[in-house]
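Scroll down for the structure; my scribbles are underneath it.
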Amino acid sequence: MKTALTIAGSDSSGGAGIQADIKTMITNGVYAMSAITALTAQNTVGVQGVLEVTPDFLAMQIDSVFNDIRPDAVKIGMVSSTELISTIADKLIHYKAENIVVDPVMVATSGSKLITDDAISALKEKLLPLATVVTPNIPEAEVLSSMKIESAADMIKAAEMISKAYNCAVLCKGGHNMNDANDLLYSSGEYRWFYGKRIGNSNTHGTGCTLSSAIASNLAKGEDLSISVEKAKNYISAALSDMLDLGAGSGPLNHAFDL
Ligand SMILES: Nc1ncnc2c1ncn2[C@@H]1O[C@H](COP(=O)(O)OP(=O)(O)OP(=O)(O)O)[C@@H](O)[C@H]1O
Ligand SMILES: Cc1ncc(CO)c(N)n1
């Protein structure tokens, strides 16, 4: 069985973070492991508290995983501080990790900030150059490219800028568009659109975590990047279409829609 590791924060409400990642990896056919960067007390309405792990303890978790069950792919989600980002980068280099998917988590769907400004610089300098693919939504792509994104042409331009600056593939996600849900993959100088019909479901808590974990699962199984994104896009669209409606705010999607 192929294996995947998520390095991310825990979401007590189970819709995003580590919990979304593990549900996604299992339903996409890989063995799931975790290294937890922070605990969040969170629900569909907001983030009530964050407790970060120490860099040493994050390093210990990553060592425990790599020294026993080597992951075929690694997904990185919420990492809120510079020290934790440096720890992850050092370990990924040390273990020569492959198939690295970086979801540059900055703000929760509910609006709470999940990263410090210093850490955004560290993410750019230390993690993006290690990434096979980075998966920003439109506001995150604006921060990473320092340009405003108002059209499909802007998505291509921003993805190209990020890809060239950090030497990684870029999937710019269109979930924050009003009219469609088209995602743009820019890789090795070429781009491909993944078209998605906008689904009328306001329960989108954890869509980014889920998509990046599905991509990591497909890479772990040996698919190339473009097919990995295509399959992940089909998975998230089906999970959203199931119209699960839990909680008072933006609720989770149904990761296990076909079980
Ligand atoms: N209403 C929707 N209908 C169809 N697809 C959607 C919808 N909302 C998001 N998606 C898809 O979900 C995936 C994640 O995109 P999105 O832009 O929501 O990420 P995100 O903002 O990082 O998520 P998160 O809410 O976890 O922070 C993309 O493939 C996007 O196209
Ligand atoms: C722990 C965690 N990671 C990522 C997100 C972004 O959806 C979230 N809300 N919570």
Side-chain angles (χ1 to χ4, degrees), residues 4-13 15-22 24-25 32-42 46-71 73-137 139-141 143-144 162 165-166 168 206 208-213 215-216:
L5 166 67
T6 168
I7 305 177
S10 161
D11 168 10
S12 51
S13 66
I18 290 283
Q19 289 79 356
D21 298 341
I22 291 179
T24 302
M25 288 168 179
M33 299 177 283
S34 65
I36 299 185
T37 57
L39 302 177
T40 70
Q42 179 175 181
V47 178
Q48 290 80 39
V50 177
L51 181 65
E52 262 187 18
V53 301
T54 61
D56 282 352
F57 201 78
L58 179 60
M60 209 186 286
Q61 294 176 72
I62 298 172
D63 285 336
S64 296
V65 170
F66 272 90
N67 287 326
D68 188 19
I69 306 175
R70 186 180 164 83
V74 180
K75 173 249 155 98
I76 299 162
M78 172 188 170
V79 199
S80 44
S81 77
T82 307
E83 294 75 15
L84 291 173
I85 289 172
S86 299
T87 302
I88 295 169
D90 291 348
K91 289 295 175 190
L92 294 180
I93 292 167
H94 175 78
Y95 290 111
K96 300 185 171 63
E98 291 166 312
N99 296 320
I100 300 170
V101 182
V102 176
D103 184 15
V105 174
M106 295 182 192
V107 178
T109 311
S110 55
S112 306
K113 207 166 168 218
L114 297 173
I115 189 167
T116 63
D117 291 341
D118 286 357
I120 294 177
S121 305
L123 183 94
K124 287 182 183 175
E125 282 156 32
K126 300 203 163 159
L127 278 188
L128 295 198
L130 301 177
T132 305
V133 62
V134 57
T135 62
N137 60 25
E140 290 157 354
V143 171
L144 297 178
I162 300 166
Y166 303 105
C168 59
C209 306
T210 300
L211 185 76
S212 54
S213 292
I215 296 170

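Both backbone and side-chain heavy atoms feed into the values below; hydrogens, waters and symmetry mates do not.
Within the 3.5 Å criterion, the main-chain N or O of G46 finds a donor-acceptor partner in the side chain of Q48. Side chain of T132 to main chain of V101: no donor-acceptor pair is present (N/O by atom type, distance under 3.5 Å, no hydrogens or angles). Listed for the T40 side chain is no donor-acceptor partner under 3.5 Å among the backbone atoms of V47.
Here the shortest heavy-atom pairing between V65 and P71 reads CG1-CD, 4.2 Å. Minimum interatomic distance between D11 and G17 (heavy atoms only, all atoms of both residues): CB-N, 4.4 Å.
Remark: D21 CG to S10 OG distance equals 10.5 Å, nearest 0.5 Å. If you take CG on L92 and OG1 on T87, they are separated by 10.5 Å, rounding to the nearest 0.5 Å. Summarising the geometry, atom CG belonging to L144 is positioned 6.0 Å from atom NZ belonging to K124; distances are rounded to the nearest 0.5 Å. Atom OG1 in T6 sits 7.0 Å away from atom CD1 in I22 (nearest 0.5 Å). We find the CD-OG1 distance between E83 and T54 to be 11.0 Å, quoted to the nearest 0.5 Å. Residue D63 holds its CG atom at 7.0 Å from NE2 of H94, rounded to the nearest 0.5 Å.
Side chains of K75 and T24 form no contact here, defined as non-hydrogen atoms less than 4.5 Å apart. L127 is not listed as a side-chain neighbour of I100, based on a closest heavy-atom distance of 4.5 Å or more.
Within a 6.0 Å sphere centred on NZ of K91, other residues, nucleotides and ligands contribute more than 12 heavy atoms.
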Requested in this report: Please assess V79 against L123 for the test side-chain contact (heavy atoms from CB on, under 4.5 Å), listing each intermediate value before the final yes or no.
Outcome: CA-CA 9 Å; V79 199; L123 183 94; 5.7 Å; no
